[in-house]
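Single-structure report; data block below.
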Amino acid sequence: MSFDENPYRVSVSTQESGGLPKEPISLAIITPFAKLSFWFGLAFAFLGSLVSFGPGDQYIWFVPNGLLFAMGLLIPNRGYRIAAIVLSVLCFLYAYSGHQNGIQNQQWLHSQPIVEPD
């Protein structure tokens, strides 16, 4: 790959026998989608902090949310990248915590005696 004068455009050279197209791939196409997913991740993280989850349900909500934040790594701005790393790690930690809470809840439920109706 070689970089042109514009740092947001990457030229891809291919062999004559086929392969990738010879057109330049532009980060200007990728960046808006990455920013959109980052901001959706922020909105979903805010909503997830307001929702009252059952034990273990944070896992289902915050793993995809962390993946949305990870898309922020494709944004060329350093601030977005740092925020994407921090927020995706926090989402994955919160998802892991929710998963552990779900396991503890299941173990507690199995340890409770079964009460039969009269």
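Both backbone and side-chain heavy atoms feed into the values below; hydrogens, waters and symmetry mates do not.
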(message) Around atom CG of Leu50, are there more than 12 heavy atoms from other residues, nucleotides or ligands closer than 6.0 Å?
(response) yes
(request) Mind listing the closest non-hydrogen atom pair of Ser88 and Gly66 along with its distance? (result) CB-O, 3.4 Å
(message) Are the side chains of Phe44 and Leu68 in contact, using a 4.5 Å heavy-atom criterion?
(response) yes
(request) Answer yes or no: is there a side-chain heavy-atom contact under 4.5 Å between Trp108 and Gln104? (result) no
(message) Nearest 0.5 Å, please: how far is CD1 in Ile60 from NE2 in His99?
(response) 11.0 Å
(request) Would you name the heavy atoms of Ala83 and Phe38 that are closest together and state the gap between them? (result) CB-CZ, 3.9 Å
(message) Run the ring-ring contact (aromatic ring centres under 6.0 Å, His included) test against Phe92 and tell me which residues pass, sequence neighbours left out.
(response) none
(request) Kindly indicate whether the side chain of Phe46, heavy atoms from C-beta on, has any atom under 4.5 Å from the side chain of Ser49. (result) yes
(message) Could you tell me if the side chain of Leu90 sits less than 4.5 Å from the side chain of Tyr94, heavy atoms only?
(response) no
(message) So which atom in Ser37 and which in Met71 form the shortest heavy-atom distance, rounded to 0.1 Å?
(response) OG-CB, 3.0 Å
(message) Is there a continuous path of hydrophobic side-chain contacts, each under 4.5 Å between heavy atoms, that joins Trp61 to Phe69?
(response) no
(message) Membership question, hydrophobic clusters at under 4.5 Å side-chain separation (ILVMFWY): are Leu87 and Trp39 in the same one?
(response) yes
(request) Drop me the distance from Leu42's CG to Leu47's CG, to the nearest 0.5 angstrom. (result) 10.0 Å
(request) Return the minimal non-hydrogen interatomic distance between Leu73 and Ile85, and the atom names on each side. (result) CD2-CG1, 3.5 Å
(message) Quick check: closest heavy atoms across Asn101 and Gln58, and the distance to 0.1 Å?
(response) ND2-NE2, 4.4 Å
(message) Just verifying a value: how many Å separate Phe33 CZ and Phe40 CZ, rounded to the nearest 0.5 Å?
(response) 11.5 Å
(request) State, to 0.1 Å, how close Arg81 and Ile75 come at their nearest heavy-atom pair, and which atoms those are. (result) NE-O, 2.7 Å
